[in-house]
2 protein chains.
Amino acid sequence: MIRRLSQARERGIPEATVARLPLYLRALNGMAERGLATVSSEDLAVAAGVNSAKLRKDLSHLGSYGTRGVGYDVEYLIYQISRELGLTQDWAVAIVGVGNLGRALANYGGFVSRGFRVAALLDADPEVVGDRIAGLNVEHIDELETVIRRRGVSIVVLATPAAAAQQVADRVVAAGITSILNFAPVVLSVPEGVDIRKVDLSIELQILAFHEQRKTDRMTGGPAMAEEWPEAVDL
Amino acid sequence: MIRRLSQARERGIPEATVARLPLYLRALNGMAERGLATVSSEDLAVAAGVNSAKLRKDLSHLGSYGTRGVGYDVEYLIYQISRELGLTQDWAVAIVGVGNLGRALANYGGFVSRGFRVAALLDADPEVVGDRIAGLNVEHIDELETVIRRRGVSIVVLATPAAAAQQVADRVVAAGITSILNFAPVVLSVPEGVDIRKVDLSIELQILAFHEQRKTDRMTGGPAMAEEWPEAVDL
DNA sequence: CCCACTTTGTGCATCGGTTCACAAAGGGAC
DNA sequence: GTCCCTTTGTGAACCGATGCACAAAGTGGG
Ligand SMILES: NC(=O)c1ccc[n+]([C@@H]2O[C@H](COP(=O)([O-])OP(=O)(O)OC[C@H]3O[C@@H](n4cnc5c(N)ncnc54)[C@H](O)[C@@H]3O)[C@@H](O)[C@H]2O)c1
Ligand SMILES: NC(=O)c1ccc[n+]([C@@H]2O[C@H](COP(=O)([O-])OP(=O)(O)OC[C@H]3O[C@@H](n4cnc5c(N)ncnc54)[C@H](O)[C@@H]3O)[C@@H](O)[C@H]2O)c1
């Protein structure tokens, strides 16, 4: 029987769901390696660290791929999620800014594993340009447009200093890129239609610090309520 | 006049707000450097890339620190947000797993700038132990408990391979740590009360790929509807 | 001192996302 | 074929977050 496309398919998958699909995919891959043929929403939910009702609702947005009384076919679900995420094609990624972080990313194996391929490394520093890292030549940022076109790059990872990030982002966007992963601690401004995701270590640590402070406050009997502004600063 | 503590203070700041405070703080620091004394919610919102009503509501959770008709005092607001986030104290951070990524993190300057201090580097590989990185000796993972206690570490950054992450997390938690930033692509299971934040490159790329696919699909006239499962796989 | 102007702080409607709970679907035993 | 058991898919209630819109508060000018 040809499976009916649920009306949910095509008509926008919720953003929160999209963000969890890679998690399910990772859990499923682990299960496939261990030779499991089917999995229940309950088991998969546990492996992915989410609630099983949420998992079922998420999957229902892709279509009706489970079998009541049985669960989901592991391989089939891997294929469906991969396809939905666009991982059945391979994506050429360029890393701009080959410093501490850029090098770590370039050398990172887990990158390649799932549809992503580092296709170019670019930097502005003549000292760095020409270096061979993870089998790739570091090219000069002046070549940006050419490299993007020639290698079919569609995702750019920004690992330059904060001061250069906006300027590089502008060039990258002008070159036709619409997907950017930004590691620099700045709010990038880009035109409508360009997707930016950011990874910000410092923000993550600050959020942890906030909660950590709450925990220790609670133990030591609450924060020092008095101290609001140590030396009264005239507003 | 002593400022009244709003009832919102102390009684839980929304998680979404907490996640944005570091953003406001960063924008404010930039403004302070440029010598601005006060800022309106509108200007600050633009600098932080959010809606101004949201910004005002966020700040209102900390207290009533603005002046109608004028805006917010930059220095004062920096202090209030810093205090709320717990950045007026300094936090000792340990990095476990000193490979590609761990090294980049250890060498990262922006780390120290705001209340965080890398206090220890730990690894299991005898080849790596003893290396001097960013002025710190890499210590053996066996010393974990001692190092955490002696240096007053309260936040641990996990940069080990995925396979080791859960095991290391267990030890770290047993040593009394309740805040972990995890770079390994695994769902860590930890007891109630332990906060985990994760940074997952691969997930970010997959989310970008999803949207990128949608964009190109739209241009090429929608996805190939027929192909649902290339070679019918028997369920 | 009053008035016009600016900008905050928030009540309220709305929205997206989560969770519960259950009817419907399918499998397997006999 | 019938019955029982398991598990999906989803309606509906709920919850937190967002954004509009405006009254209240404060500034500065005359
Ligand atoms: N290293 C980390 O662990 C870490 C963690 C979090 C965030 N970050 C952020 O990631 C970014 C990179 O960090 P890093 O430690 O690798 O810095 P880095 O200084 O080691 O490397 C930056 C690289 O970008 C290059 N560059 C500068 N301007 C450029 C331009 N216009 N075009 C192309 N390349 C340019 C430099 O030549 C250098 O090689 C920074 O914004 C940093 O704040 C780094
Ligand atoms: N490098 C990247 O750009 C990148 C990006 C995203 C995610 N990650 C993830 O970050 C983690 C680290 O990546 P990497 O590239 O630095 O890997 P790596 O192999 O270069 O480094 C891992 C380090 O952890 C150490 N280690 C192993 N077991 C340990 C244990 N039980 N206790 C303490 N240390 C132990 C190893 O000796 C090694 O030095 C991995 O989980 C990886 O998937 C890395």
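Each chain gets a letter, A, B and so on, in the order the sequences are listed, and its residues count up from 1. Just so it is clear, the values below take in all heavy atoms, side chains as well, and ignore hydrogens, waters and symmetry mates.
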Spacing between [X] atom [atom1] and [N] atom [atom2], to the nearest angstrom:
| X | N | atom1 | atom2 | result |
| --- | --- | --- | --- | --- |
| B:Leu59 | C:dT8 | CG | P | 9 Å |
| A:Asp58 | C:dT18 | CG | C1' | 10 Å |
| A:Tyr65 | C:dG26 | OH | P | 16 Å |
| A:Leu55 | C:dG17 | CG | P | 16 Å |
| A:Asp43 | D:dT7 | CG | C1' | 11 Å |
| A:Leu62 | D:dT10 | CG | C1' | 15 Å |
| A:Arg20 | C:dT19 | CZ | C1' | 12 Å |
| A:Lys54 | D:dT10 | NZ | P | 18 Å |

Is a side-chain donor or acceptor of [X] paired with a backbone partner of [Y] at a separation under 3.5 angstrom?
| X | Y | answer |
| --- | --- | --- |
| A:Trp91 | A:Val153 | no |
| A:Ser82 | A:Ile78 | yes |
| B:Thr216 | B:Glu212 | yes |
| A:Ser40 | A:Asp43 | yes |

**Q.** A:Asn51 side-chain proximity, nearest of D:dT8, C:dG9, C:dC20
**A.**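 My answer, after comparing the listed nucleotides, is C:dC20.
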Q | Short side-chain N/O contact to C:dG9 OP1/OP2 from B:Tyr72, under 4.0 Å | A | yes
Q) Would you say a side-chain N or O of A:Ser41 is under 4.0 Å from OP1 or OP2 of D:dT7? A)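 For D:dT7, neither OP1 nor OP2 has a side-chain N or O of A:Ser41 closer than 4.0 Å.
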When you compare the protein's N or O atoms with those of nucleotides 11-13 of chain D, which come within less than 3.5 Å of each other, and at what distance?
unit_1, atom_1, unit_2, atom_2, d
D:dG11, O6, A:Lys57, NZ, 3.2
D:dA12, N6, A:Lys57, NZ, 2.9

Q) Roughly how far apart are B:Leu77 CG and B:Leu28 CG, rounded to 0.5 Å? A) 5.0 Å
Q: Please round to the nearest 0.5 Å and tell me the distance separating atom CG of A:Leu87 and atom CD1 of A:Ile81.
A: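 Atom-to-atom, A:Leu87:CG and A:Ile81:CD1 are 10.0 Å apart.
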Q) Are the aromatic rings of A:Tyr65 and A:Tyr76 close, with centres under 6.0 Å apart? A)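 Yes - the distance between ring centres of A:Tyr65 and A:Tyr76 falls below the 6.0 Å cut-off.
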Q: State, yes or no, whether a side-chain contact exists between B:Glu15 and A:His211 at a heavy-atom distance under 4.5 Å.
A: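 With C-beta onward as the side chain, the pair touches.
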Q: Scan nucleotides 21-30 of chain D nucleotide by nucleotide, 5' to 3', and note B when protein non-hydrogen atoms come under 4.0 Å of the base, S if they reach only the sugar-phosphate, - if neither.
A: B--BBSS---
Q.
A:Val199: which residues meet the side-chain contact (heavy atoms from CB on, under 4.5 Å) condition with it, sequence neighbours left out?
A. A:Leu181, A:Phe183, B:Val199, B:Glu204
Q) Cut-off 3.5 Å, side chains only: do B:Glu33 and B:Asn29 have a donor facing an acceptor? A) no
Q.
Enumerate the side chain to side chain donor-acceptor pair (under 3.5 Å) contacts for residues 183-195 of chain B, please, sequence neighbours excluded, ordered by first and then second residue.
A.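 Non-adjacent pairs meeting side chain to side chain donor-acceptor pair (under 3.5 Å): A:Lys215-B:Asp195.
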Q: With heavy atoms under 4.0 Å as the rule, sort B:Glu15 into base, sugar-phosphate or nothing.
A: sugar-phosphate
Q. Any salt bridge (Lys or Arg N to Asp or Glu O under 4.0 Å) pairs touching residues 44-72 of chain B, not counting sequence neighbours?
A. B:Arg20-B:Asp58
**Q.** Those residues of residues 25-40 of chain A lying under 4.0 Å from DNA chain D by at least one heavy atom
**A.**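 Heavy-atom cutoff 4.0 Å gives A:Ser40.
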